[in-house]
Each structure stands twice: as C-alpha cells, then as structure tokens.
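Letters go in sequence order (proteins before strands), and every chain restarts at 1.
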Number of protein chains: 2
Amino acid sequence: RQSWDNKIYRVVRKIKKVGQDDPRRIVHGLKVGLAITLASILFYIEPFYDPFDQNEIWAVMTIVLILEFSVGATLGKGINRMAATWSAAALGVGIHNIAIRCSGTNNAGVAMVVGFFVFTMGAICTFMRFIPALKPYDYGLMIFILTFSMVSVSSYGPQNLRKIVIDRILTIIIGSVIAIVVCICICPVWNGEDLQNLIAKNIEKLGNFLEGFKGEYFHKGEYFPKSEDGQPLVNKPFLKGYKSVLTSKSSEETMANLARWEWQYRFGFKHPWNQYVKVGALTRECAYKIEALNSYFNFEFQAPYEFRSKIQEQCTQICSETGKALKELALAVKTMTKPASVNIHIEKSKVASQKLKLLLDMILLEDYNLREIIPPAAVSLILIDVVPCIEKIANAVHE
Amino acid sequence: RQSWDNKIYRVVRKIKKVGQDDPRRIVHGLKVGLAITLASILFYIEPFYDPFDQNEIWAVMTIVLILEFSVGATLGKGINRMAATWSAAALGVGIHNIAIRCSGTNNAGVAMVVGFFVFTMGAICTFMRFIPALKPYDYGLMIFILTFSMVSVSSYGPQNLRKIVIDRILTIIIGSVIAIVVCICICPVWNGEDLQNLIAKNIEKLGNFLEGFKGEYFHKGEYFPKSEDGQPLVNKPFLKGYKSVLTSKSSEETMANLARWEWQYRFGFKHPWNQYVKVGALTRECAYKIEALNSYFNFEFQAPYEFRSKIQEQCTQICSETGKALKELALAVKTMTKPASVNIHIEKSKVASQKLKLLLDMILLEDYNLREIIPPAAVSLILIDVVPCIEKIANAVHE
C-alpha cells in the first residue's frame with residue numbers, strides 16, 4: 001500500500017511539474033476546453049439548431065485538430081484547412097458529377113470512375129507531401145486528399161451533395177475562426193517570441209560557459225577534482241548549460257517555419273526568421289568549439305601552474321570579454337534593440353587574442369614536457385578561434 | 001518564355017529527385033491511393049451500400065489520417081485511434097444520456113450539462129498531451145477529445161445515438177484494418193530497420209572521416225590548400241559526412257519511439273530500441289570530437305613537417321585502426337551480427353595511443369615554436385581521446 005501511495009505521489013508530482021515548467025500549458029488546456037464548449041453550445045442555439053444535422057461535429061473536430069499551442073501552428077493549420085477544404089470540395093463535387101453523368105445510376109460504373117480519380121489524386125498528393133518546398137502546406141495536402149475523397153465517394157445525389165458540402169465548408173470556417181480567435185485573444189503563445197527567446201537563451205548559455213570557464217580552468221591547483229568513477233566533479237550548471245545548444249537545431253527550424261505564419265498578423269512587417277535560424281546555426285558552431293574546450297576538463301593531469309600562469313591573463317581576458325559580448329547579444333536578441341557595447345567587448349577580446357598569439361610565439365619551451373602543456377595551449381588556441389566565431393554571431397545579429 | 005521553361009524544368013527535376021532519393025515514397029503514394037480506393041469501393045458494394053448513410057467517409061478519413069510512411073507510425077496511430085474512439089464513444093454516450101435524463105427536452109439544460117463535461121474533459125486531455133510519458137499516446141488523446149466531444153454534443157436521441165456510434169466505431173475499425181494491412185503487406189517500411197540503418201550509417205561516416213583524416217592531415221606540404229575566400233579546400237565528401245551526425249538526435253529519438261510499436265509484430269522478441277538511442281548518443285559524442293579535429297584544418301599555418309613526421313606514424317595508426325573498428329561496428333549494427341575483429345582493432349589503437357603518449361613525453365621542445373606545434377599536438381591528444389570513445393560505442397553495440 002505504501003508503495004502505491006508513493007507511486008501516485010510521484011506521478012502527481014510529475015504532472016505538477018509539467019504545469020509548473022510552463023504554466024501556458026494549463027492555459028492552453030483551458031483554451032481548448034473553452035473553444036470546444038463554445039462551438040458545441042453554438043449549435044444548440046437557434047438559428048443553428050437542427051436535430052437532423054450533424055454540422056456541430058465538424059466544427060468541434062476542426063477546433064480539436066487545429067487549435068495548437070502556438071499562434072503560428074494554429075494559423076498555419078487553420079488557413080491550410082480552410083483553403084484545402086474549399087478547393088478539394090469544389091474538385092470533388094466536379095468529379096462526382098462527371099462520374100454520375102458518365103455512368104448514370106449504374107453503381108459499378110460510378111464506383112470505377114470515382115475510384116480511378118480517388119486513386120490518382122490520393123497517390124499524387126501523398127507523394128507531394130514529401131517535397132521539402134511544400135512542407136508548410138503538408139497539413140493542407142492531407143486535408144485536400146481527405147475532403148476530395150470524402151466528397152467524391154459520397155453516395156448522395158448531386159443536388160443534395162452541393163448543399164451538404166457548402167454547409168460543411170461553412171461549419172469548418174466557423175470552427176477555424178473560433179479556434180483562431182481563442183488562440184490569439186486569450187494569452188497567445190507566439191512562436192516568433194519563443195524562437196527569439198530560445199536563440200537569446202542559447203547565446204546566453206554560451207556566455208555563461210565562457211565566463212565560468214576562466215575561473216574553473218585557470219585555478220591554482222595541480223589537478224582537477226575528480227569523483228570516484230573518474231567523472232570530473234566540475235559539473236556546475238553553467239558549465240553544462242551549453243549542451244542543449246548542441247542539439248537544438250530541429251526545434252529552432254520548426255519554430256522558424258511556424259513563425260512564418262505569424263509575422264503579418266503581429267507586427268505588420270517581415271521578421272527575418274531566416275536570420276534567426278542563421279544566428280542559431282552560428283551559435284551552434286560556437287557551441288561545438290565550447291564542447292572541445294569542455295573536453296579539456298577531462299584530462300587526468302594538469303599543466304604546471306607556472307606555465308598556465310603565463311597565458312592566464314590573456315585567456316581570462318578573452319573569456320570574460322567574449323562572455324560579456326555574448327550576454328549583451330542575447331539581451332539584444334531578446335529585446336530587439338541595438339546592442340550598445342558589443343563591439344567594444346569584441347575589440348578587446350581581439351586585442352587579447354593577438355597578445356596571446358604573440359605570447360605563444362615567445363614562450364621558451366626547454367623546461368616543459370610537451371604532453372603536459374598541450375591542453376592549456378590547445379585551450380588558448382580554441383579561445384583564439386572562438387573570437388571570430390562570436391564576431392560572426394554579432395554581425396548576424398546586427399543584420 | 002525561356003525562363004519559364006527553365007523554371008518548370010527545375011521544378012520537375014526537384015520533384016524527380018524527391019522520388020529518386022527514396023523510391024519508397026512513390027510506393028507510399030500508390031499505397032495510400034490504393035487503400036482509399038479500396039475503402040471507397042467497399043461501400044459501393046452490397047451489403048455495405050446504403051444511400052442514406054455516410055459511413056464510407058469515416059473509413060476514408062481514418063485511412064488518410066493513419067496510413068503513414070512507416071509501419072510503426074501507422075500501427076501506433078491505428079491502435080491509438082481505435083482505442084480512443086472506443087473509450088471516448090462509450091463515455092460520450094454515457095454523458096449524453098446523463099444530460100438528457102437530467103434536463104429532458106430542455107435544450108438549454110442539456111447544453112449546459114454537456115458543455116460542462118466537454119469543457120472539463122477537453123481541458124484535462126489537452127493538458128495531458130504535454131506529459132512526456134504520454135507522448136506515444138498523443139494521437140490517441142487527441143482522438144479521445146474529438147470523439148468524446150462529438151458524441152456528447154450530438155443532437156440525436158439516445159437510441160439513435162447508440163446505433164450511429166456503433167456504426168462509426170465499426171467503420172473506423174474497417175478503415176484502420178485496411179490501412180494497417182496495406183501498410184504491412186505492400187513493401188512495408190519498418191522504422192526499426194530505418195533506425196538501425198541510420199545508426200550504422202552514422203558510425204560508418206565517422207569511420208570514413210578517421211580513415212580519410214590521416215591522409216589529408218599528415219601530408220608533406222607546408223600549408224593546407226585554401227580557396228580564395230579563405231575556406232579550406234579540404235572539403236572532400238568523406239570529411240563532411242560526419243556533420244549530419246551532429247544534429248541527428250531528434251530524428252533518432254522519433255524513430256526509436258515509433259519503432260516501439262513494431263517489435264512484437266515483427267520479430268516476436270523485444271528489440272533494444274533504447275540501446276540504439278544510446279549507441280546513437282555515443283556516436284554523436286564521438287562526432288563532437290571529430291568536429292574538434294576538423295577545426296584544425298582551418299589554421300593558416302601548418303607545423304613543420306619535421307615535427308609532424310615524428311608523431312605521424314602513431315597518429316595514422318590510431319586513425320586507421322579506429323576507422324576500421326567503426327566500419328566493422330557499422331556493419332555489425334546493420335546486419336545484427338557479432339563483430340568479429342573489432343576488439344583487435346581497438347586493442348591495436350590502444351597500443352598506438354600508449355606509444356603516442358610516451359612519444360609526446362619524450363619529444364624535445366627546444367627547436368620549436370609553441371604556436372606552430374600546438375595544432376598537431378592537440379590533434380594527437382584528441383585522437384588519444386577518441387579511442388576510449390570508440391571503445392564505449394563497441395561495448396554498447398555488444399550489449
């Protein structure tokens with residue numbers, strides 16, 4: 001019994017966490033409930049009420065299918081659904097009429113003509129869904145196949161069919177409009193905003209790493225602290241944050257694609273979503289370099305402090321200047337303002353990296369063991385390499 | 001006119017490429033067409049034919065919605081759809097009866113009771129879709145909301161409702177069965193197989209890089225060839241292939257999730273999909289190290305050949321042995337056999353990396369400039385680091 005209580009408690013806590021992580025999820029649940037209820041009640045009210053009609057189910061269905069978490073996804077699906085239903089219904093009615101005109105009341109004949117068209121359209125549209133350029137209209141293509149097949153195989157006569165189809169299109173428009181209005185008017189979740197925040201957060205994580213790195217790497221001890229299983233103890237959160245940047249590519253691209261549906265409704269001018277994707281890609285490139293930096297925590301031995309102290313000043317200078325620059329860039333992306341002193345920080349880090357290069361040229365090597373001094377030396381080379389990377393990010397943000 | 005012809009030609013070529021890249025896409029299109037046609041024709045035939053019934057549209061709809069490219073996705077959606085429709089319909093009929101019993105023919109009362117339940121269920125189920133543990137049942141939850149709302153807001157009387165609901169469930173089962181049978185029986189696309197191939201291909205790409213790296217990096221020239229815009233010319237395909245490994249995380253996880261629906265239908269024993277995800281993650285970690293290796297192509301200057309020649313032998317040894325080991329592991333993953341000589345290759349590369357460590361300890365540094373010799377030295381350190389990484393992959397594959 002105790003264990004059951006425990007299990008239930010843990011499940012409840014997990015569910016609570018889903019809500020706490022992003023309270024907008026709870027709001028989204030309520031929004032869906034509200035939209036469905038609105039649509040259901042609407043059809044109980046005159047003049048929409050008709051006991052022999054099943055139109056309300058189409059409106060409810062539309063809402064459940066298109067009301068997504070973000071405005072971009074909802075608008076994309078709504079527009080796709082309306083356009084696809086419209087065009088497919090028109091084409092379907094046409095094919096249905098042709099089939100009946102060709103074969104009259106001969107059921108087998110109608111079935112053959114309709115079957116041929118349904119097969120061809122189904123195969124072509126399904127194949128079209130694989131074309132990358134048509135990805136934003138994927139949902140539309142699916143609804144097109146659906147509506148086209150449904151209308152053309154419908155066993156009603158042509159006169160009835162036209163009325164039913166028009167009713168259905170109207171119901172779907174009502175459903176789409178309810179979904180879009182609820183989605184935009186009640187605590188809307190803008191994909192563009194989420195994308196902006198994600199990019200800003202990723203840049204900030206890299207900044208945190210660089211600022212934290214200097215203190216962790218250039219300390220006075222001979223060894224890095226280790227736990228028993230050989231894992232480095234240097235597992236502070238700001239040193240692990242960048243890991244998520246490495247794999248954020250697909251979510252950034254999805255968001256940018258969905259954000260495309262939003263721009264004209266939101267700001268009235270074209271947001272450079274491609275630019276965000278570009279900044280994201282550059283950030284990720286920088287994160288790979290940071291992954292390389294991070295791997296130098298894993299070495300068993302540490303270079304003599306005497307050697308490290310020679311390069312320490314310029315390295316920490318690069319770390320803190322690039323870190324500051326990244327944090328300022330993150331703020332600039334988030335607030336859509338011009339970053340004020342990013343260029344100063346980048347200039348400073350460039351100067352430091354020049355000095356570091358000279359320093360590396362001048363260090364006399366007689367007294368050192370090569371294997372010992374490679375790690376800090378490689379760290380400094382990577383840091384020199386990080387600087388132009390961050391300059392690229394800054395340029396992309398400026399654009 | 002010329003430019004229009006050109007445009008059309010380019011579009012046609014692009015479409016052709018989509019088919020050539022994966023001919024199974026064309027087959028999938030034909031399968032969808034076939035399944036829809038089958039379902040449509042079925043309802044033109046006695047005893048299913050009924051001019052006043054619209055059941056065929058539910059079957060067609062089910063097929064369009066659940067017949068996906070891969071068996072895993074189709075099975076997952078089909079099972080979700082059937083289970084959700086069943087349970088939601090039962091619950092919906094119950095609620096509908098309660099509402100009518102409470103309020104009789106008073107429409108406003110029915111609407112209020114139904115509205116309350118629809119709102120609550122809609123909000124709860126939508127929220128539940130965010131819970132990570134319920135991700136495989138996401139589609140089911142959506143269908144549950146859909147069916148529940150549709151049935152409970154339905155304006156038919158209780159007796160009629162029961163008949164309609166049962167009809168609908170049967171139609172959806174027919175649709176699902178047609179979709180699943182077509183999906184499995186005609187050129188099936190198994191997600192598990194695709195996942196296996198993807199992992200194997202990723203491992204192979206790393207192997208290709210390591211085998212190619214030794215020839216490109218340890219050549220005799222003083223400089224790496226550069227193109228005019230400063231990009232290194234060393235852009236041979238085998239040196240770029242690993243890039244896609246860096247960002248393949250989300251597709252691997254999606255595939256593993258879908259593959260879970262397949263196992264019992266395919267092999268009768270549980271495939272370790274989690275193990276595949278683990279191997280994929282280890283492969284990616286190794287790819288990050290390779291990204292670090294690759295960055296050493298970007299330096300302007302090259303270490304003196306005299307220095308490189310000292311470490312060349314052991315480095316090329318590590319590269320070729322790890323490369324061979326990876327290629328053999330890739331083959332083992334692909335064919336699900338035990339790799340024969342992987343351990344020998346790994347042992348050899350371990351020996352080489354031990355020798356390399358000793359060598360690095362012994363090299364006298366007087367004659368060298370630190371900045372010049374860091375890159376090859378760092379390369380050798382990374383190579384030493386790659387070896388245990390590959391051992392981990394090998395261990396994970398063995399399991």
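Options B:E285, B:R284, B:M128, B:E291 differ in how many heavy-atom pairs under 4.5 Å they form with chain A, and the most are formed by B:E291. Contact tally against chain A (heavy-atom pairs below 4.5 Å) for B:A123, B:A133, B:G115, B:G19: the top residue is B:A123. The residue among B:L146, B:I15, B:D21, B:V118 with the most heavy atom pairs within less than 4.5 Å of chain A is B:L146.
Contact of A:F117 with chain B is not made at all, since no heavy-atom distance falls under 4.5 Å.
A 6.0 Å sphere centred on NZ of B:K14 holds no more than 12 heavy atoms belonging to other residues, nucleotides or ligands. Atom NZ of A:K310 has more than 12 heavy atoms from other residues, nucleotides or ligands within 6.0 Å.
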Using atom types as modelled, flag every donor-acceptor pair under 3.5 Å from a side chain in residues 26-36 of chain A to any protein atom, sequence neighbours excluded.
residue	atom	partner	partner atom	Å
A:K31	NZ	A:C183	O	3.4
A:K31	NZ	A:I186	O	3.0
A:K31	NZ	A:C187	O	3.3

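Listed here is the closest heavy atom pair of B:K249 and A:T247: CD-CG2, 3.6 Å. For the pair A:V60 and B:M150, the tightest heavy-atom approach, listed with the atom from each and the gap, is CG1-N, 4.5 Å.
Taken to the nearest 0.5 Å, the CD atom of B:E68 stands 10.5 Å off from the OG1 atom of A:T126. The CG atom of B:L67 sits 10.0 Å away from atom CD1 of A:I145, with the distance rounded to the nearest 0.5 Å. Here A:K243 contributes atom NZ and B:Y288 contributes atom OH; the two are 7.5 Å apart, rounded to the nearest 0.5 Å.
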